[in-house]
2 protein chains.
Amino acid sequence: MFLSTVTNNLDAKGRVSVPADFRSTISNDSKRSPFDGIVIWPSLDGNFLEGGGISLMEDFQASLDLKEHYDPERSALQYAIFASSRQLAFDGGGRVSLPKDMHEFANLNGKVTFVGLGRRFEIWNPKLFEERRESILTLARESRHILKTSNSGDVR
Amino acid sequence: MFLSTVTNNLDAKGRVSVPADFRSTISNDSKRSPFDGIVIWPSLDGNFLEGGGISLMEDFQASLDLKEHYDPERSALQYAIFASSRQLAFDGGGRVSLPKDMHEFANLNGKVTFVGLGRRFEIWNPKLFEERRESILTLARESRHILKTSNSGDVR
DNA sequence: TTAATAATGGGATAACATGGGATTGTATGG
DNA sequence: CCATACAATCCCATGTTATCCCATTATTAA
């Protein structure tokens, strides 16, 4: 499970260390398929990247298999995620190198922020993430009374 | 699993490098049947090619075997895929040579784009692919809220 | 303090995509 | 049956890019 938020350096070669906690999450989970690395793709929700272990893609594959072949949703998702994604292998130090087009998409330079979100994670420009975080937390505060009454402990 | 999108050169001899990731996907998967290459066929959905490893054909075969011999769907698919497909072996450098009729069908000249879609991939004229990609991603963005809920929450 | 885990920098090495020539194979006609 | 022409395949050479490997520093744990 991907938890916590970590900011690491993006070096001149385009490499960045994946947080050690994320790496161990991936290696624990990847007994099924032994790709030692991550998969990332550009988000549909904004200028940041989304990612996870290869098993995330396999789960996704399985859910696509349930849809009809001609289902437009199915091909939309295949293009948006499978076709737009990249597999990035870890080097000996647990780093991956982010492709240049991904740099541009997510406005990455110097530092990148990994945001753990359970099954998957996000990769942000730290400054943009801070703005996003502020606005989302504001929203959460405003609506927290709704959360209290509407469920008993299962806040997501 | 076939992931990401890669554009490579089509040389004067009609050869093109299959992306290294695709090749390793095929060789990992082909323990069942050791054909070192790909299988391609003209798509039924437009002017592009579809393809995969030989194991993909075996999966098709298996699902066709579930249908009755006289099932019209069965023979239609046999004609559309098995009869229309070609096996293309890798050369020493991981290239295949695309037959001329396939060039014409998919409007290939100079550069070709490999699009990973999980179990299979597509081969496009880069320009045509870009148009298709734009329209599909637009659709995906518009319906992404639906997509989120339809995929057990966490996979977008 | 010492050892162990992480993150990071940089040089050496291997992999990949690509072009061109040489060789083999295959179909066709004599 | 052999000879020829054409095309397909193999093989090697190249530049570029990515990856491997080692060294250094910082942080944490024993």
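Naming convention: chains lettered A, B, ... in sequence-line order (proteins, then strands); numbering from 1 in each chain. If you're wondering where the values come from, they're calculated on a predicted model, not measured in any experiment.
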(message) Classify the ring geometry of A:F60 against A:F82: parallel below 30°, tilted from 30° to 60°, perpendicular beyond 60°.
(response) perpendicular
(request) Answer yes or no: does a side-chain N or O of B:N9 lie under 4.0 Å from OP1 or OP2 of C:dA17? (result) no
(request) Calculate the interatomic distance between A:D91 atom CG and C:dA12 atom P; express it in whole Å. (result) 18 Å
(message) If I take atom CG in residue A:D21 and atom P in nucleotide C:dT5, what distance separates them, rounded to the nearest angstrom?
(response) 14 Å
(request) Calculate the interatomic distance between A:L88 atom CG and D:dC20 atom C1'; express it in whole Å. (result) 16 Å
(request) Look at the rings of B:F22 and B:F114 and say which category their plane angle falls in: under 30° parallel, 30 to 60° tilted, over 60° perpendicular. (result) perpendicular
(request) Select base, sugar-phosphate, or nothing to describe what A:V96 touches, counting heavy atoms under 4.0 Å on all strands. (result) nothing
(request) Take the protein atom CE of B:M102 and the nucleotide atom P of D:dA8, then report the distance between them rounded to whole Å. (result) 13 Å
(message) Between B:N125 (side chain only) and B:N107 (backbone N and O only), is there a donor and an acceptor less than 3.5 Å apart?
(response) yes
(request) Tell me what A:V6 touches on the nucleic acid: a base, only sugar-phosphate, or nothing, going by heavy atoms under 4.0 Å. (result) nothing
(message) Quick check on C:dA6: is either OP1 or OP2 less than 4.0 Å from any side-chain nitrogen or oxygen of A:S17?
(response) no
(message) Using whole Å, what does the distance between atom P of nucleotide C:dA17 and atom CZ of B:F90 come to?
(response) 11 Å
(request) Return the nearest nucleotide to the side chain of A:A20; candidates are C:dA6, D:dC21, C:dA17. (result) C:dA6
(request) Would you check if the side chain of A:T5 reaches a backbone N or O of A:V115 as a donor-acceptor pair within less than 3.5 Å? (result) no
(message) Expressed as a whole number of angstroms, how long is the span from A:Q87:CD to C:dC16:P?
(response) 13 Å
(request) Could you work out which one of C:dA17, C:dA7, C:dG19 sits closest to the side chain of B:R95? (result) C:dG19
(request) Go through C:dA7, D:dT19, C:dA17 for me and flag the one nearest to the A:S97 side chain. (result) D:dT19
(message) Can you measure B:N8 atom CG to C:dC16 atom C1' for me and round it to whole angstrom units?
(response) 9 Å
(message) Whole angstroms only, please: what is the CZ-P distance between B:R15 and D:dA7?
(response) 15 Å
(request) For the side chain of A:K13, starting at C-beta, report the closest nucleotide among C:dA12, D:dA8, C:dG19. (result) C:dA12
(request) Any chance you could lay out the side chain to side chain contact (heavy atoms under 4.5 Å, CB included) test for A:D21 and A:L3, step after step, and finish with the verdict? (result) CA-CA 8 Å; A:D21 287 351; A:L3 296 177; over 6 Å; no
(message) Taking the minimum atom-to-atom distance to the side chain of B:D11, which one of D:dT9, D:dC20, C:dG19 wins?
(response) C:dG19
